Amino acid sequence: MTTTTPKPATPAATSAPAAGEVTFTIDDVEVSVPKGTLVIRAAENLGIQIPRFCDHPLLQPAGACRQCLVEVSTPDREGNLRAMPKPQASCTLEATPGMVVKTQRTSAVADKAQHGVMELLLINHPLDCPTCDKGGECPLQNQAMSNGYATSRFHDVKRTFPKPLAISTEILLDRERCVLCQRCTRFSDEIAGDPFIDLQQRGVRQQIGVFDPAVLGFAGSDRAETYRGVQPDGTPLPVAVGQPEVDPRGPVGMATLDTSGRAFASYFSGNTIQICPVGALTNAAYRFRARPFDLISTPGVAEHDSNGAAIRVDHRRGVVLRRLAGEDAAVNEEWISDKDRFAFTWQGMPDRLTVPLVRDRAEDGTPGELRTASWAEALEVAAEGLAAARAAGGVGVLPGGRLPLEDAYAYAKFARVVLGTNDVDHRARPHSAEEEAFLAHHVAGSRMSVTFADLESAPVTLLVAFEPEDEGGIAFLRLRKGVQKNRNRVFSVAPFASRALDRLDARLLAAAPGTEPEVLDALGTPRADGVLAEAGQALDASAIILVGERLATIPGGLSAALRLAERTGARLAWIPRRAGERAGVEMGTLPGLLPGGRPVTDAQARVDVAAAWDVERLPAEPGRSAGEILAAAAEGELGGLVVGGVDPVDLPDPALARAALERVGFVVSLEVRASAVTALADVVLPVAPPVEKAGTFLNWEGRPRPFPQALTSTAMADHRVLDALADAMGTMLGLRTVAQAHAEIDAIGAWDGARVPAPAVAAAQPPTLGEGQAVLATWHQLLDAGRCQDGEAFLAGTAQRPVARLSPATGAAIGVATGDAVTVRTGAGRIVLPALLTPMPDGVVWVPVHSTGSSVRPTLRVDAGAVVDVAAAALPAADVEAAAPTGRRAHAATTDATTTDGEVL
Amino acid sequence: MADKDISRRDRGGDVAGGAGGPEHEYTSLIEPKKGIGEVLAPAAGFGVTLSSMFKPTVTEQYPFEKVPTKPRYHGRHQLNRYPDGLEKCIGCELCAWACPADAIYVEGADNAPDAQYSPGERYGRVYQINYLRCIFCGLCIEACPTRALTMTNEYELAGPTRRGMIYEKQDLLAPMGEGMLGAPHPMVPGTEDTDYYRGAVTGPVPEQIDWVAQWRPEDATLQALRPGHRPQGSGDRDTSSELAEPMEHGQPAEVDASASQGRGSR
């Protein structure tokens, strides 16, 4: 792109720059760069470092900090070089032909200007580097050393602010350290679209701050204040003793609610901490924990969603202290979600399993207590139990949806080779046979057919049953980048326009749950009108259709999406929530799929895989799906279960899952932390969390995302444990190491035979609603009560407060206004949440799947599309308050995900 | 001689007896003693021995008699306090960074309003010096931005266990000086951490004493600062005996401090 040439000997060398290129001179070096390149970027490519704070390659130029001043001369009309009267900011200056730039390396003027700006910036910057979290990795500190005066001429009192200001429970702001570079506000505005902080006031008082609630009228909010100053019993400190104006709740607690019922926080706020060039924005959890030179950094891949964002894991003495965004231009650029950044404590919680556990049974078969056992004993007991269970009806395998490639492959192979069954399903969520056919037909073996770059460049994107921010994370950022940069258009088939859709300028194709197939089939047909017609016209071969995993719960939804893709030529991509879903599809942890997307029903596919696995034959009948496995186990048809990282709460029917685990003869659990399955397992084999093992996640694109082991650990990955278990059962699995697994996977290769035919499931008839009834819409919020967010109260405080959304007409029908309590009830239980009237189809109620106080599946035992009763209710105030973890550092205060069975009231 | 001497030697291997001939007798360069000196020569070697019998002895009776070191001797470290009893250490880890032997381990933490250990926002929650590693170079002292870390002249640093040689914060903290109030307690009202650095705080103020009396009435440093103070919950203790307690008994306060430090841990 950028070519660097030494000072040319002849003018001929520069006389013919390529079209669209600009040739100019930096520090006596002539360079050609694409038109529109900023001088600071061109210098960077040459290896000339110009000091800067506000400049960031992924943000719009601001010219706010003035640190990058350089001396510039440009040719006038006659071609005579004329110096600009003053040094110019190179971060806002586009290169022009013939321009001559002198940086601090060759120009005393530029050097003096930079020193002057640095002195000015440091006038009000406190000398608190020893207490500042940024100290040691601070661009201001470094550049003050490289481009600043050694002494200060400023002898007056520095401007100070009360500090730190808790912007959210997670983000703290030290305004006196701020150099007003506006990276954070530009990120919030341009990238995330959550302008939750902005510049305020003018002149010397100018500062970054949250919006003043007194001006903007956020519901029920007080002024954000400093958090220091409470007595040991929680009462505010008297003004005489402590700092005035205190928030007795401290930095932990709920984020302030804005009028939309949304917590006053952003899912991407953590990125502002990382791009802050000074220590103005810091993180409550990491605050004062360590210094950069203590930390050992390992590259990693975020395990929370299917994006596979690159991260950096920083640990000190075997304890992960923070995670930062890694740089990967193809996937996450330099941004990650707050969940990826802050939710890592679950991997080191006190309930981590470290040694195998075995449950002894009495003579009559009554289970006793779990006791610790050696690996040899536990493997032996597990092997015997599984062998007996295999004989007594077979064993079902539920690996869970969070596994890396190698572990998923090991489960697939273990089920077929050792247990001789196709009863394996990683989908620990609502699923359907239609979905499996869709995955086998369209997803398996089609890696990289749609990529993040495509999301950015596709002129039209249609989202179906996919909430881009809550369920997409950084996929949302890419979509938004495309919308901002390329004026892409986004359409979404959803019950209501979430804030994420607003920020994508998305057009809503309003659809009650269950009616999605109808909407998709109507697109591009003559009977469509309004937005439907617009979307139908916009969808063509350059468009992308993104479907979420939730579409599986809508009969006919995925069939309709496939039909639409075929009709319009648009590319169709499936974005599941969990990190291991795609790997499971590709590696064959589905009842009808073998590794490489081979259909179980295809004899040639079975012969292929049997040959690679060195077995005579593989089970030919497609197995049971996860729901069927659990039903069969509850019925006593299955002899045993092998369960990976599965939380029963996530399953379509948690009560059935519990019954199955209780009823079935033998349960082997491979888990990182003690869970609801542990309590019912006969043998518990501890496995390593992602930070303690190496592996490869497969993100929704199908892109391999390898990650190394960050911590020294004796914990074993799932594939290693399964290999040992297979050994104990007398079968060689040959998957002791990651390298062995990769060699086998590569040897098996992709499937080039016939694919499973596309599903053609008819849509269900819309239900008829009685008085006080509504159709349930529900999906997971990004930050909820999931077990992978345990132990991080600061992050939990930035979660959106759970609300029940209703249309104004539905609300009026049951006499509920925004803020009133509403009950959502089925025969199994009820959920009470504050109502939020939202423009959406009538007769639909939306609640989050698994947030605090709203655990749909265990409580209501239904899923999206079901008919529920809605009614006005009295909201106990204690319920709202109980959701807020109290006390600082109250890590253990987050609610346990497993305690939400029964009624939530 | 260069050209002429290059010729085959006819007598190889001889060391002595070159051109000078074989007659080369040994003669001492030391003048031989004469007279009485010659008579006493065999005993002269005892001269040093005998003369030191009359010189002052340099042997130190070390464990029984301890000799003070030079004032700037690099001995055991100490974590100092401000005159009002707050710790100077802010847990910045610059000492650990400076340490060439990697002997220092520090973890900082937030000063909570209800547990303020040092002025400002940050204090050292964990502070360890491994004296098996420390080379007493003093670079940590130079690095300390608050002069919290200094070196004492204590040199008796030996022990039977390795673990015992890792000194914890409570081992390193300076004892309570006269008029100090046991931490944690709030800062002097109206002051910033910079006021502490500048020496504006010269001792605890009544607000601080009241605070400690309210929340930690059992604190031993209260006795001296508030002669009439009676610890709550120990009603029938003799006030006069409390008054008689020496000031240096800062230990209970420190034990209390270290016990409540655990609240900041993960």
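FYI, side chains are in, hydrogens and waters are out, and symmetry mates aren't considered; it's all heavy atoms of this structure. Since we're looking at a predicted model, the values are computed, not measured. First the proteins, then the strands, lettered A, B, ... as listed; each starts at 1.
- Closest approach of A/D133 to B/R122, counting heavy atoms only: OD1-NH1, 3.9 Å.
- To the nearest 0.5 Å, atoms CZ (A/F293) and CG (B/L94) are separated by 6.0 Å.
- Interatomic distance, B/E121 CD to A/D174 CG, rounded to the nearest 0.5 Å: 5.5 Å.
- At a 4.5 Å heavy-atom cutoff, B/V205 makes no contact with chain A through either its backbone or its side chain.
- Looking at every heavy atom in both residues, B/E107 comes nearest to A/R289 through CG-O, 4.4 Å.
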>> Could you go through A/R317 and B/Y105, starting from their C-alpha distance and side-chain angles, then the distance that decides it, and tell me whether this counts as side chain to side chain contact (heavy atoms under 4.5 Å, CB included)?
In response: CA-CA 11 Å; A/R317 295 197 172 196; B/Y105 177 77; 3.2 Å; yes
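- Considering only heavy atoms from C-beta on, A/P130 comes within 4.5 Å of B/I90 through its side chain.
- Environment of NZ in B/K66: sparse, with no more than 12 heavy atoms of neighbouring residues, nucleotides or ligands closer than 6.0 Å.
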> Could you go step by step and tell me if B/E93 and A/R316 meet the salt bridge (Lys or Arg N to Asp or Glu O under 4.0 Å) rule?
Replying inline: CA-CA 13 Å; B/E93 303 189 27; A/R316 180 185 198 187; 3.4 Å; yes
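- Atoms CG and CG, on A/L172 and B/D110 in that order, are 8.0 Å from each other to the nearest 0.5 Å.
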